[in-house]
Amino acid sequence: GAVVSQHPSRVICKSGTSVKIECRSLDFQATTMFWYRQFPKQSLMLMATSNEGSKATYEQGVEKDKFLINHASLTLSTLTVTSAHPEDSSFYICSAPGNGYTFGSGTRLTVV
Amino acid sequence: GENVEQHPSTLSVQEGDSAVIKCTYSDSASNYFPWYKQELGKRPQLIIDIRSNVGEKKDQRIAVTLNKTAKHFSLHITETQPEDSAVYFCAGMEYGNKLVFGAGTILRVKS
C-alpha cells in the first residue's frame, strides 16, 4: 500500500532557529500533500496544502512566512518552521490524499 | 467550509460491550467520511470509511452508518477489546479534497 515517510520523528530546537520536516511518498507520486498540526489531546488541524509545481495554499490564520512549505517534486514535500518559538511546539503530520489518505508518522517538535 | 462535530469526547465501555461514536457534518456536498484510530504519539490509521452512495459498511467488528438526510454518520465497534482503546476521529471532506476532523473520542475499554 501507499507509504509516506516523515522525518524527523522528534526534534528539539532552540527558540529562534528553524526546523525542516520532510515527507516523502515512497511508492506513489503525491501531487498534493496536506500538513496538519496537532496539539496535545486535540484534533488534527489543517495548516496548509502543498502542490507540486505551484505555491502552497494556507488555511486561515496560518502564517505563511513562518511555516514555509515546498513541494519540490512528486515525491517530496517539506515544511520549515522558521524562527521557532515555544508555542510552535506540537505534533506535525503530513498526509497524501487517495486511498483513505496516507499519513506520515508525524514529527514531535519541541522548542526550548 | 465543512464543520464536523463528534460525540462523545470520552467513552468507557466494558470489554465485550459495543461502542458507538457519532458525528455530524455541515456540508451537504461532502461525499467521503473516514474514521481513524490514533494511538498516543502515532499517526492516525484508517479503520473504515464510507462514501455517500451507501448507507452502511461493515468490516468484521467495525461498522459505519451514514444518514445523508440528517447529515450524520456513526462508528460502531462490537465485542470491544482492550486493544481498541485509543482516540478515534471522524472526518468529512471539503472542497479541495481536504479532510476536516472531528474533535476526537477517547475510547477506554475496561477489562
Side-chain angles (χ1 to χ4, degrees), chain A residues 1-11 21 23-26 30-51 54-62 69 89-110, chain B residues 1-11 21-25 27 30-51 54 57 59 62 64 73 75 85-108:
Chain A
V3 175
V4 172
S5 176
Q6 182 171 349
H7 294 281
S9 58
R10 293 177 181 271
V11 58
I21 301 169
C23 278
R24 293 181 183 273
S25 55
L26 296 187
T31 56
T32 298
M33 192 75 74
F34 299 109
W35 287 92
Y36 294 87
R37 178 168 54 185
Q38 186 177 32
F39 291 109
K41 298 184 179 181
Q42 294 189 24
S43 188
L44 292 88
M45 298 300 296
L46 182 65
M47 298 174 64
T49 304
S50 72
N51 300 287
S54 63
K55 290 183 179 180
T57 56
Y58 290 81
E59 297 300 303
Q60 192 171 8
V62 177
I69 289 176
S89 299
S90 189
F91 188 63
Y92 293 86
I93 192 164
C94 59
S95 173
N99 197 28
Y101 291 73
T102 303
F103 283 87
S105 53
T107 298
R108 173 73 58 192
L109 171 63
T110 303
Chain B
E2 176 73 285
N3 182 46
V4 177
E5 295 191 356
Q6 182 173 347
H7 300 279
S9 56
T10 60
L11 179 60
I21 303 170
K22 299 181 179 181
C23 289
T24 60
Y25 61 98
D27 188 352
S30 285
N31 59 9
Y32 178 65
F33 306 94
W35 284 89
Y36 292 89
K37 175 184 180 182
Q38 187 181 31
E39 297 177 349
L40 189 63
K42 297 191 176 180
R43 77 185 85 194
Q45 292 198 315
L46 179 71
I47 56 171
I48 198 166
D49 56 10
I50 192 167
R51 296 193 180 273
V54 297
K57 184 177 178 181
D59 183 3
I62 296 173
V64 56
F73 56 112
L75 176 71
S85 297
V87 182
Y88 291 80
F89 292 98
C90 62
M93 189 168 68
E94 68 173 16
Y95 177 79
N97 292 331
K98 304 175 190 178
L99 287 182
V100 177
F101 287 86
T105 297
I106 300 172
L107 174 63
R108 296 191 183 95

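In what follows, every heavy atom counts, from backbone to side chain, and hydrogens, waters and symmetry copies are set aside.
- From Lys98(B), atom NZ reaches atom OG of Ser95(A) across 13.5 Å, with rounding to the nearest 0.5 Å.
- Both the backbone and the side chain of Ser105(A) come within less than 4.5 Å of a heavy atom in chain B.
- At a 4.5 Å heavy-atom cutoff, Pro34(B) makes no contact with chain A through either its backbone or its side chain.
- Looking only at side-chain heavy atoms (C-beta outward), Met93(B) and Tyr101(A) come within less than 4.5 Å of each other.
- Residue Gln60(A) does not touch chain B at all, counting heavy-atom pairs closer than 4.5 Å.
- Residue Leu44(A) touches chain B through both its backbone and its side chain, counting heavy-atom pairs closer than 4.5 Å.
- The line from CZ of Phe89(B) to CD of Gln38(A) is 5.0 Å long, rounded to the nearest 0.5 Å.
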If you apply the rule side-chain contact (heavy atoms from CB on, under 4.5 Å), what do you find for Leu99(B) with Tyr36(A), and how did you get there? CA-CA 10 Å; Leu99(B) 287 182; Tyr36(A) 294 87; 3.5 Å; yes
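- Panel note: side chain Ser43(A), backbone Gly104(B); no donor-acceptor pair is recorded below 3.5 Å.
- Proximity to chain A (any heavy atom under 4.5 Å) is shown, for Gln45(B), by neither the backbone nor the side chain.
- Taking all atoms of both residues into account, the shortest heavy-atom contact from Arg43(B) to Phe103(A) is NH1-O, 2.9 Å.
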